[in-house]
Amino acid sequence: MKALLEFNHDIANGTLVVQSKQAFVCGDAGAHEIRFTVLEDGANANLAGYTCEAYCVLSNRSTATESATIAGNVVTVTFPASFYAVTGATGLLLRLLRGGIKYDILCMGYSIRAGITATVYDPSGVLPDLSDFQAAIDAATTAATAANTATSSANTAASAATTVTAAANTAASAANTAAASAQAEAKKFSAIAVEVKTLPPSAEATGSAAQTASKTTFSFGIPASNLAYATFAVDSRNHLIMTSPEGFSNIGFAINRKTGHLEVQINA
């Protein structure tokens, strides 16, 4: 919401000079807007390539500036807070600029009235100045910011400590698990048994181990030696009988043609 000051002026007639009767109050900001339609020789002015600046000369002779916008042949500017900064008679210039051209299209005078002050009227003298209130608020804000920063730092440190503690607990748990596993393995060897079984000479040697929670048993199978003997006898029918150890087979008989001896072949 703002007060609109509209002007429609032919720059062929020179700078428009006006004195505004509107109320301008010290401390305002954005309360007024100038909308200036520029004509030239009765037609819409061509403002291509131009920029526009608004200059406010305050009663203390300081100058505030604000950039205006140009849309077609309409120049618009909204008063910033600096245009209401000092009470008293004030002047405003609206100037078109292009290259070395400086053309003032508006010269407006206006008066800035006193606005709200920082001092509170208090006949009892109890209330402090508003500036004191503001200082107290600023100090409280600074203290709150510092407290929040300290809290954030403490939370970060606590989080880091929690992370370290969790890592330590994890490592301790892993160590306990490893120790329990080692103890369980050691307990399996608290009792040891060895079993040996003789296998036929043709068999291959075997070996195995079996474990329970408290005992380890080693089992071995050892083939009998291939060296063995055979016994001979004549039965009631006058037949020659040969007896060989268990595990021997494929026993054959043959006559040695050179010696004439009976030979026994044992192929284990």
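Computed from heavy atoms alone, side chains included, the values below leave out hydrogens, waters and symmetry copies.
The shortest side-chain heavy-atom distance between V18 and L16 falls under the 4.5 Å cut-off. When side chains are defined from C-beta on, V77 counts as touching L94, because their heavy atoms get closer than 4.5 Å. C56 has its side chain out of reach of T65: every pair of non-hydrogen atoms, C-beta onward, lies at least 4.5 Å apart. Within the 4.5 Å cutoff, no side-chain heavy atoms of L92 are placed close to those of T90.
Without hydrogens or angle criteria, N73 side chain to V38 main chain gives a donor-acceptor distance under 3.5 Å. A distance-only check finds a donor-acceptor pair linking the side chain of D10 to the backbone of G42 [under 3.5 Å]. No donor-acceptor pair closer than 3.5 Å links the side chain of S62 to the backbone N or O of L58. Using modelled atom types, no side-chain atom of T217 and backbone atom of A193 make a donor-acceptor pair closer than 3.5 Å. S152 contributes no side-chain N or O that, together with a main-chain N or O of N148, makes up a donor-acceptor pair within less than 3.5 Å. With hydrogens and angles disregarded, no donor-acceptor distance shorter than 3.5 Å links the side chain of S159 to the backbone of N155.
Rounding to the nearest 0.5 Å places CG of L47 at 5.5 Å from CD1 of I70. For the atom pair OH (Y50) and CD1 (I105), the distance works out to 10.5 Å, reported to the nearest 0.5 Å. Separating the NZ atom in K2 from the CG atom in D28 is a distance of 12.5 Å, to the nearest 0.5 Å. One finds the CG atom of L4 at 8.5 Å from the CD atom of Q22 (value rounded to the nearest 0.5 Å). C52 SG to I34 CD1: the interatomic distance, rounded to the nearest 0.5 Å, is 9.5 Å. Note that OH of Y55 is 9.5 Å distant from OG1 of T63, once rounded to the nearest 0.5 Å.
The two residues E66 and P80 come nearest to each other via the heavy atoms OE1-CG, 3.7 Å. The minimum heavy-atom distance between A81 and A29, with the atom names listed, is CB-CB, 3.7 Å. Of all the heavy atoms in V86 and C26, the pair that sits closest is N-SG, 4.4 Å. Of all heavy-atom pairs between G49 and R98, the closest is O-CG, 3.2 Å. When all heavy atoms of S82 and A64 are compared, the pair lying nearest together is OG-CB, 3.5 Å. Closest approach of S20 and M108 over heavy atoms only: CB-SD, 4.0 Å.
Figure legend: R95 and Y103 shown without cation-pi pairing, the cationic atom not lying both under 6.0 angstrom from the six-membered ring centre and within 45 degrees of its axis.
The cluster map of Ile, Leu, Val, Met, Phe, Trp and Tyr, joined by side-chain heavy atoms under 4.5 Å apart, puts I101 and I11 in the same cluster. Under the 4.5 Å side-chain heavy-atom criterion for grouping Ile, Leu, Val, Met, Phe, Trp and Tyr, L93 is not connected to F36 through any hydrophobic cluster.
Aromatic rings of Y84 and Y110 (six-membered ring for Trp) have centroids beyond the 6.0 Å cut-off, not under it. Aromatic rings from H32 and F83 are positioned such that their centres are separated by 6.0 Å or more.
The pair K197-E195 fails the salt-bridge criterion, with no side-chain N (NZ, NE, NH1 or NH2) lying under 4.0 Å from an Asp/Glu carboxylate O.
Side-chain N/O atoms of E53 and S67 include a donor and acceptor closer than 3.5 Å.
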- Message: Could you walk me through whether T76 and V74 satisfy the side-chain contact (heavy atoms from CB on, under 4.5 Å) test, starting with their C-alpha distance in whole Å, then the side-chain angles of each, then the deciding distance to 0.1 Å, before giving a yes or no?
- Response: CA-CA 7 Å; T76 304; V74 179; 4.0 Å; yes
- Item | Verdict with reasoning, I112 to V25, per side-chain contact (heavy atoms from CB on, under 4.5 Å) | CA-CA 5 Å; I112 300 177; V25 180; over 6 Å; no
